[in-house]
Every structure is written in structure tokens, then in C-alpha cells.
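See structure below.
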Amino acid sequence: MSAKSDRYHKMFPVSWEQLHRDGKALAWRLHEIGEFKGIVAVTRGGLVPAAIIARELDIHHIDTVCITSYDWKNQGEPTILKAVEGDGEGWLVIDDLVDTGNTAKIIREMLPKAHFATLYAKPKGKPTVESYITEVSQDTWVLFPWDAESQFVEPLVTQK
């Protein structure tokens, strides 16, 4: 985490299994709301959660909105790479995380009538989504499984 900016003081690693459990939990919550015409996945982070939720809710119509704002060191200005048409009525927008809410605000302008849901939410971004599963502190870096890999770690007694 030393390469991260000073914004992050904690790490919240998410395994594939945890991501799947949280995706199913979000699907259960969304199922109680009603039916959706389709899903708009926010790329790239929303692709895997959207696949889990689409399966659980038996949704086959999936589109993407492509916005980039992160690199592995920090968050920059959002850039829209691909938008979607319409006002979002009846649609479900899925992302992995809402951090500052900057990306969510852009999508809200694009799809004001959509239901916005994320697996994880930070305090600054939380007001921009209707549904989420886990809140994490603003100074926490959420380490998703697609950004990490398993590797050997020396036993504590042999580390110098």
C-alpha cells in the first residue's frame, strides 16, 4: 500500500469468495425492490458484480457505461468513454464501489431514474447510491481480487 497516496491508511482485501457472497447478498436486497429491465454495469469494476447479480436476478439485458477515473495510485478526473441512452427508468446500475461519488454523480446525470447499487460504499459516496452491502471508511483501499494475486510469504520468524 506504500505506493498509494496519503488518502489510504487501511487495506480491505476482498477475496473472490467474499465478492461472490456480497454480490448474492446485494441481489437478495435488490430482489425485494422489484424487477428491473436490465443492468448497466460500470466498467471495469462493476462487470463482475453485475454478472453475479444478473445471474441471481435472471436478467439477460446488460449494457455498460465506461468511465475511467482511477489508476493504481490515485483518483483523477472522470472521463466518459461510453455512455448509454435513455433516462434509466427500470434499469439497475451496478458498480463495485462508490468512493467519493464523483463517478456516480456523472452516471446519475446520465441515468437519473435508474436504481444505483454497489457492493461497497464509502461515506462520501454513500448518498449517491440507493443500495449497497458493506460500508468501509473513506481512508480504506478496497483491494479487489482482480487487482491482487496469491504469493508466498516468508514465515514471521524468518523475515528480517
Side-chain angles (χ1 to χ4, degrees), residues 1-33 36 39-54 56-57 62-84 87-88 91-151 153 156:
M1 194 165 60
S2 61
K4 302 284 180 277
S5 72
D6 292 334
R7 294 176 50 198
Y8 304 109
H9 303 290
K10 296 177 218 144
M11 178 80 69
F12 180 63
V14 178
S15 68
W16 286 109
E17 292 81 11
Q18 183 65 47
L19 186 92
H20 193 254
R21 280 191 299 271
D22 291 342
K24 285 186 81 163
L26 183 57
W28 290 328
R29 189 167 292 168
L30 294 167
H31 179 64
E32 293 173 356
I33 293 169
F36 298 95
I39 291 175
V40 175
V42 181
T43 68
R44 291 177 314 212
L47 289 170
V48 173
I52 294 165
I53 291 163
E56 295 302 322
L57 299 182
I62 301 171
D63 201 348
T64 58
V65 61
C66 306
I67 298 178
T68 183
S69 62
Y70 278 94
D71 65 23
W72 67 280
K73 288 185 181 178
N74 52 44
Q75 186 176 17
E77 287 299 314
T79 302
I80 299 171
L81 304 173
K82 178 188 172 288
V84 292
D87 62 7
W91 284 82
L92 175 59
V93 176
I94 298 292
D95 205 352
D96 55 353
L97 166 73
V98 61
D99 188 330
T100 61
N102 291 339
T103 300
K105 287 174 189 168
I106 292 169
I107 296 168
R108 283 243 170 259
E109 290 175 15
M110 197 183 301
L111 302 167
K113 294 184 178 178
H115 184 94
F116 204 114
T118 62
L119 297 179
Y120 309 105
K122 292 186 180 182
K124 285 184 183 176
K126 200 168 68 167
T128 62
V129 300
E130 284 90 17
S131 302
Y132 65 92
I133 292 301
T134 302
E135 183 173 351
V136 295
S137 64
Q138 201 67 43
D139 65 343
T140 297
W141 180 263
V142 180
L143 182 61
F144 289 100
W146 50 81
D147 290 329
E149 61 183 21
S150 297
Q151 64 182 17
V153 176
L156 179 65

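Worth saying up front: this structure is predicted, and the values here are computed from it rather than measured. Positions are given from 1, in the same order as the sequence printed here.
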Of the options Ile33, Val129, Ile94, which is the one that meets His115 in a side-chain contact (heavy atoms from CB on, under 4.5 Å)?
Ile33
When you look at Trp91 and Val84, which way does the side chain to side chain contact (heavy atoms under 4.5 Å, CB included) test go after all the steps?
CA-CA 11 Å; Trp91 284 82; Val84 292; over 6 Å; no
Is the shortest side-chain heavy-atom distance between Gln138 and Asp99 below 4.5 Å?
yes
For a side-chain contact (heavy atoms from CB on, under 4.5 Å) with Thr140, tell me which candidate from Lys10, Glu135, His9 qualifies.
Lys10
In Asn102, Thr100, Thr68, the residue satisfying side-chain contact (heavy atoms from CB on, under 4.5 Å) with Pro78 is Asn102
Nearest heavy-atom contact between Gly101 and Val98 is CA-CG2, 3.8 Å
For Ala41 and Gly46, work out which heavy atoms get closest and say how close.
CB-O, 3.9 Å
Over all heavy atoms of both residues, which pair between Arg108 and Ala114 is shortest? Give the atoms and the distance, please.
NH1-O, 3.5 Å
To the nearest 0.5 Å, atom CD of Glu109 lies from atom CD1 of Ile80 at 8.0 Å
Those residues that, when tested against Tyr132, pass ring-ring contact (aromatic ring centres under 6.0 Å, His included) (two or more places apart)
none
Tell me the closest heavy-atom pair linking Ala25 and Ile133, and the distance in Å.
C-CD1, 3.6 Å
When rounded to the nearest 0.5 angstrom, what distance separates CD1 in Ile52 from CG in Leu47?
11.5 Å
Can you find a pair of side-chain heavy atoms, one from Phe144 and one from Leu97, that are under 4.5 Å apart?
yes
Given side chain to side chain contact (heavy atoms under 4.5 Å, CB included), test Phe116 with Leu111 step by step and report yes or no.
CA-CA 9 Å; Phe116 204 114; Leu111 302 167; over 6 Å; no
dist Ser131:OG -> Leu26:CG (nearest 0.5 Å) comes out at 6.5 Å
Can you check whether Glu56's main-chain N or O pairs, donor with acceptor, with Lys24's side chain at less than 3.5 Å?
no
Do the non-hydrogen side-chain atoms of Tyr120 and Asp22 ever get within less than 4.5 Å of each other?
yes
What pair of heavy atoms forms the shortest contact from Thr128 to Ala104, and how long is it?
OG1-CB, 3.3 Å
Could you tell me which non-hydrogen atom of Ala27 sits nearest to which non-hydrogen atom of Leu57, and how far apart they are?
O-CD2, 3.5 Å
How far apart are the C-alpha atoms of Asp147 and Arg44, what are their side-chain angles, what is the distance that settles it, and do they pass the salt bridge (charged side-chain N to carboxylate O under 4.0 Å, His left out) test?
CA-CA 12 Å; Asp147 290 329; Arg44 291 177 314 212; over 6 Å; no
Would a 4.5 Å heavy-atom cut-off, applied to side chains only, mark Gln18 and Leu119 as touching?
no
Interatomic spacing from CD1 in Ile67 to CD1 in Ile107 - rounded to 0.5 Å
4.0 Å
What I'd like to find out is whether the side chain of Leu92 reaches to under 4.5 Å of the side chain of Ile39, using heavy atoms alone.
yes
Contact between Trp146 and Leu19 at the side-chain level, heavy atoms closer than 4.5 Å - yes or no?
yes
